[in-house]
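See structure below.
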Amino acid sequence: MVILRQDRRSFRFAVGAVAVWAAFSLAYILGPFGGDSPTWIANIGTLLGAWSVAVLAMLLWRAYAPDEVGRRVWLALFLGFLLWAIGDTVWAFYDLQPGGEVPYPSPADVAWVAGYPFLWAALWMRYRSMEARPGRRQWLALALIVPAGVVVFGYVLWPILTYSGYDRLIEQALDALYPVGEFILFTGAVLVAVAMHGGRLSFPWRIIALGIIVLSLADLVFAYATWNDLYVIEGTPNAITILADAPYMGAYAAIAVGEYVLGRLEGAF
Amino acid sequence: MLVFTDERGAVVLIEDELARALGFDDPDDAVGDPLAATLGLAAAEAEALLNEISASGGSRYRLAQLRNQRTGRSWWVMASGSAAVAEGRFIGADITLTPPAYTLSADYLSHRYNLRQLAELVRSRLRDGSGLVISEEKEKELGSYFAARMLALYVLVVRMAGRDLGATLEEKVRRLNRERGWSMEMRRGRVTFGEADLPPEAWREIAQVAHAYAISVTSKRIVARELAELDVNFSRTTVQRATLYGLRTDV
């Protein structure tokens, strides 16, 4: 938090990101422009967040020298976030067609799934480059991560894996892959943030980790809602749809703030 | 006398003499503690000093009462400080404590000046017989340069990435020394040399390892700037000799 007090540009960026997210979320919930407006607002808000995160990751990647670990880390993060932004764009394209159904799987899923390995690799490279020794904080983090993994496995993954009503294996595989992918990201982001505890760089990484955690939770809510046919694709969103979509936009806003603050610390912006 | 903190005000480095005056047998025992607890200041007073440094880049001279944590003896000093910055961002405070009668120059408010103090601190440690067995003055200066660089890298890593990673840096150096059979120790950033002479490749390789690690957890830009600011505190000849020996792995 100290850096937000000391660096006006970081502070302004953070306030701006929160304000934009709050405005989109409110507009999404209240739907001030009539019937389909929540769908439009959710998609525009998500695309704004997703592309901001991808562009900031690209700027960070380019700010490092070619032989730096940071360059490889941010190249991988850029490619991962770029693929996610493409996935969100394709989803929005289908979602905004009048009366259009989003196919499953769709080309959006291809982009989202392709993004995971880059993001996993980025967090792995970042963590490995620090060569952090297992300490009390690492064990504490693992003590939080393991129960979270048990919950994800027990309440999300196991029902998917044991459900016999799937028509196509690809749907079952995708349903299982998303929570697993998010959980790996969540673990990586937490470990990176914990390793840097007490240092100046820990704050932006904590914000990025927070964004990834919120993203993971939003995806889990989405998975749960679609599994139980509760997710509203068109029209006024219900509570569970809001719980999936508003945090999804907020997660991108948090990651963008983390990237910007990190860029300011590293002298990239 | 000098004390460095990280952005939260935890002590990262403290001058040996000051630590002893404050009742610490081992100066390293003070590392990691809050500034107020280490110096025996009131928490509000230490916070005000740190806030002023972080907000304005430096602090005016102020009277502060230090207290020996063991005996309870207290005495007055003039405290001033400057902000250590990386790419314009505050990463810690360099605090100078001097007797009240001492004439202070404006230099006391600059991070560069405090790096000079850091270099001087390392020189005095080596002069005071911490086991450096090298006879010539030039080599002593080179040893001071090496030790100052290692300490500056350690302080930078702790300030930017936390004490755990500072410990990792030390562990890497220790491991290298063990593998190669070199007699050098690094603890809380302080380098001490053993009985046996270090071969030239040892200095080079240790410097490379520390430099590469600092870059991998921060960035080349931040490390280069910090080391450039440290270099101005050494003579051109020393810096040239250090380059020749491969100690300046960044050039």
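Just so it is clear: chains get the letters A, B, ... in the order the sequence lines come, proteins before strands, and each one is counted from 1. What you are looking at is a predicted structure, and each value in this text was computed from that prediction instead of being measured. All heavy atoms count here, side chains included; hydrogens, waters and symmetry mates do not.
Heavy-atom pairs under 4.5 Å with chain B peak, among A/R126, A/E131, A/R137, at A/E131. Contact count against chain A (heavy-atom pairs under 4.5 Å) is highest for B/L165 among B/D6, B/L165, B/I215.
Proximity to chain A is limited to the backbone of B/V158, based on heavy atoms less than 4.5 angstrom apart. Using a 4.5 Å cut-off between heavy atoms, B/A167 touches chain A through backbone and side chain atoms alike. A/A132 touches chain B through backbone and side chain together, each having a heavy atom under 4.5 Å away. Proximity to chain B is absent for every atom of A/R71, based on heavy atoms less than 4.5 angstrom apart.
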*Could you walk me through whether B/V11 and B/F4 pass the side-chain contact (heavy atoms from CB on, under 4.5 Å) test, one step at a time?*
CA-CA 6 Å; B/V11 171; B/F4 282 16; over 6 Å; no
_Trace of the side-chain contact (heavy atoms from CB on, under 4.5 Å) decision for B/V3 with B/L13_ = CA-CA 6 Å; B/V3 53; B/L13 173 74; over 6 Å; no
*Kindly indicate, with the supporting measurements, whether the criterion side chain to side chain donor-acceptor pair (under 3.5 Å) is fulfilled by B/R248 and B/Y145.*
CA-CA 10 Å; B/R248 297 179 71 227; B/Y145 179 83; 3.2 Å; yes
*Run the salt bridge (charged side-chain N to carboxylate O under 4.0 Å, His left out) check on B/R178 and B/E171 step by step: do they pass?*
CA-CA 10 Å; B/R178 267 200 310 273; B/E171 184 50 39; 3.4 Å; yes
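A/V55 places none of its side-chain heavy atoms less than 4.5 Å from the side chain of A/F81.
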